Amino acid sequence: MPNHNWEVSHGPRVCYAQVTAREVIVGQHYGSGHTDSAGVCSHAEFLAGRFQDIVRGDLGEACLQEMIDVVRGAPNDLAFAAERARLRAVRAVLDALPVDPSLPALLAAPGVVHGQWALYHGCPVSLAAPGATLSIDLALHAVVRPSGGPAVTHTLPGYVSGAVFAGGVWLLNIGGVVAFDTEGRRRSPEALALAPWGTTLRGWDVYAAGERLLFTYKWFDANDGGPGVCEFRPDAGFVGHCPLDAPPPSAPTPLEYVQRPDADGRD
C-alpha cells in the first residue's frame, strides 16, 4: 500500500504533507499545534502545480514525485475505498428522491420563514406553536409541552442551528433533520431523517413555505456536488429534491439579537 504521509525535519521546523481521499495537505510546525500552519487543496489543484514548489523545497524532489503518483492513483487506492463507498451511498440517497423543480421557487416566495436564526445563536429557547411549545436547553433536551397534557422530553443528537413550525410539526436542523409534532411525537422516519446527512453532506437551513417544510443542504467538499433543497413531510420523510445554483442567502439577523449586550456580530 502506498505511503500517504511524509515528514522532514529542518532543525526545529518540521515539514509535512499528507494525501487524503480528496485533498492534499502541506504544512509545517515547530513541535506543537500552536505553531502549526498548513494549506489544503484538491487533487486536481495539486496536479496543476499548487504547493508543488513548497513540497520540492521542504520535502525534496523524490517526495514530490511520490506524492504525484499517489494522487494520480487515488481513485484506485484501497486506503480510500471506504470513503468512496460513503460518498456513493450519499449520492444514491439523493438520486433516489423524485426531482421537484418547483422547490427552488418556494425558497424565494414571499413570506417564507427561515429557520437559521430561530435559536439566536444559543440556548435555552422556547418556540411557540398552536396548542404547544417546544423548549430546547443546553443539555440538548427538546421538551414539548402540549396544552392540557404532560410534557414529552427527547434527547437531541446534536446542536440545533435552526427550527421552523409548519404542517403541525417543528422541523429542526441538526446537520440533518428532526421533527416533533405538538403532542411530542417524533415525526421523522429514522432512516430518512439521518441518512445521508453528516460530515459529507450538511444541513444548511430549514424553511416553512406556508404549510410546506423545506430543508437545504451543501456538500462539505464543494468538489462533490452543488447545494440542493428537499421537501420534508412529517409522515413520509423526504419526498422531493432539486439542485440549487447556490445556498439560499442567510436570513436577516433579528433585531432582538443585534441589540443583545453580549452580541458581537459574529456567526
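Because the structure is predicted, anything quoted here is derived from the model rather than measured. Computed from heavy atoms alone, side chains included, the values below leave out hydrogens, waters and symmetry copies.
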When the aromatic ring centroids of Phe238 and Phe232 are compared, is their separation below 6.0 Å? yes
Verify whether the ring centers belonging to Phe165 and Trp170 lie closer than 6.0 Å. yes
Return the minimal non-hydrogen interatomic distance between [X] and [Y], and the atom names on each side.
X: Ala74; Y: Ala21; value: CB-O, 4.5 Å
X: Pro104; Y: Pro101; value: CD-O, 3.4 Å
X: Gly31; Y: Thr35; value: N-OG1, 3.8 Å
X: Ala163; Y: Leu127; value: CB-CD1, 3.6 Å
X: Ala166; Y: Ala208; value: CB-CB, 3.7 Å
X: Leu171; Y: Ala179; value: CD1-CB, 4.1 Å

Working to the nearest 0.5 Å, report the span between [atom1] of [X] and [atom2] of [Y].
X: Arg88; Y: Asp95; atom1: CZ; atom2: CG; answer: 13.0 Å
X: Leu94; Y: Cys230; atom1: CG; atom2: SG; answer: 6.0 Å
X: Gln52; Y: Ile68; atom1: CD; atom2: CD1; answer: 4.0 Å
X: Gln18; Y: Glu23; atom1: CD; atom2: CD; answer: 9.0 Å
X: His241; Y: Leu103; atom1: NE2; atom2: CG; answer: 9.0 Å
X: Arg50; Y: Ile54; atom1: CZ; atom2: CD1; answer: 9.0 Å

Go through Val14 and Tyr30 one step at a time and tell me if the side chain to side chain contact (heavy atoms under 4.5 Å, CB included) criterion holds. CA-CA 6 Å; Val14 179; Tyr30 288 84; over 6 Å; no
Evaluate the side-chain proximity of [Y] to [X]: yes if any heavy-atom separation is below 4.5 Å, no if none is.
X: His141; Y: Ile136; answer: no
X: Thr20; Y: Glu83; answer: no
X: Gln28; Y: Asp36; answer: no
X: Trp6; Y: Val70; answer: yes
X: Leu107; Y: Leu214; answer: yes
X: Ile174; Y: Leu156; answer: yes
X: Thr182; Y: Val144; answer: no
X: Val229; Y: Tyr207; answer: no

Run the side chain to side chain contact (heavy atoms under 4.5 Å, CB included) test on Asp235 and Arg233 for me, step by step, so that the C-alpha distance in whole Å, both residues' side-chain angles and the decisive distance to 0.1 Å come before the verdict. CA-CA 6 Å; Asp235 296 319; Arg233 293 181 186 166; over 6 Å; no
Regarding Ser161 and Asn173, is there a side-chain donor-to-acceptor distance under 3.5 Å anywhere? yes
Say whether, by atom type as modelled, one donor and one acceptor occur between the side chain of [X] and the main chain of [Y] under 3.5 angstrom.
X: Ser135; Y: Ser126; answer: no
X: Thr133; Y: Ala128; answer: no
X: Trp204; Y: Pro248; answer: yes
X: Glu211; Y: Gly167; answer: yes

Set out, in order, the CA-CA distance, both residues' side-chain angles and the distance that settles side chain to side chain contact (heavy atoms under 4.5 Å, CB included) for Cys15 and His10, then state yes or no. CA-CA 8 Å; Cys15 302; His10 301 279; 3.6 Å; yes
In this structure, are over 12 heavy atoms from other groups packed under 6.0 Å from Asp245 atom CG? no
Does Tyr16 sit in a hydrophobic cluster with other residues, and if so which ones, taking ILVMFWY side chains as linked at heavy-atom separations under 4.5 Å, directly or through other members? Ile25, Val40
Residues forming a side chain to side chain contact (heavy atoms under 4.5 Å, CB included) with Glu61, sequence neighbours excluded: Arg56, Leu64, Gln65
Got a sec, which residues hit side chain to side chain contact (heavy atoms under 4.5 Å, CB included) with His34, two or more places apart in sequence or on another chain? Ser32
Ring pair (Phe, Tyr, Trp, His ring centres under 6.0 Å) partners of Phe80, counting only residues at least two apart: His4
Suppose we screen for ring pair (Phe, Tyr, Trp, His ring centres under 6.0 Å). Which residues come up paired with Phe46, at least two apart in sequence or across chains? none
With sequence neighbours excluded, residues passing salt bridge (charged side-chain N to carboxylate O under 4.0 Å, His left out) with Arg185: Asp181, Glu183
Hphob cluster co-occupancy, [X] + [Y], side-chain heavy atoms under 4.5 angstrom:
X: Tyr159; Y: Phe180; result: yes
X: Val71; Y: Val55; result: yes
X: Val24; Y: Val8; result: yes
X: Val152; Y: Val143; result: no

Please test Met67 against Val19 for side chain to side chain contact (heavy atoms under 4.5 Å, CB included), starting from the C-alpha separation and ending with a verdict. CA-CA 7 Å; Met67 289 178 65; Val19 174; 4.2 Å; yes
Pick one: which of Val164, Leu134, Val206 meets side chain to side chain contact (heavy atoms under 4.5 Å, CB included) with Leu172? Leu134
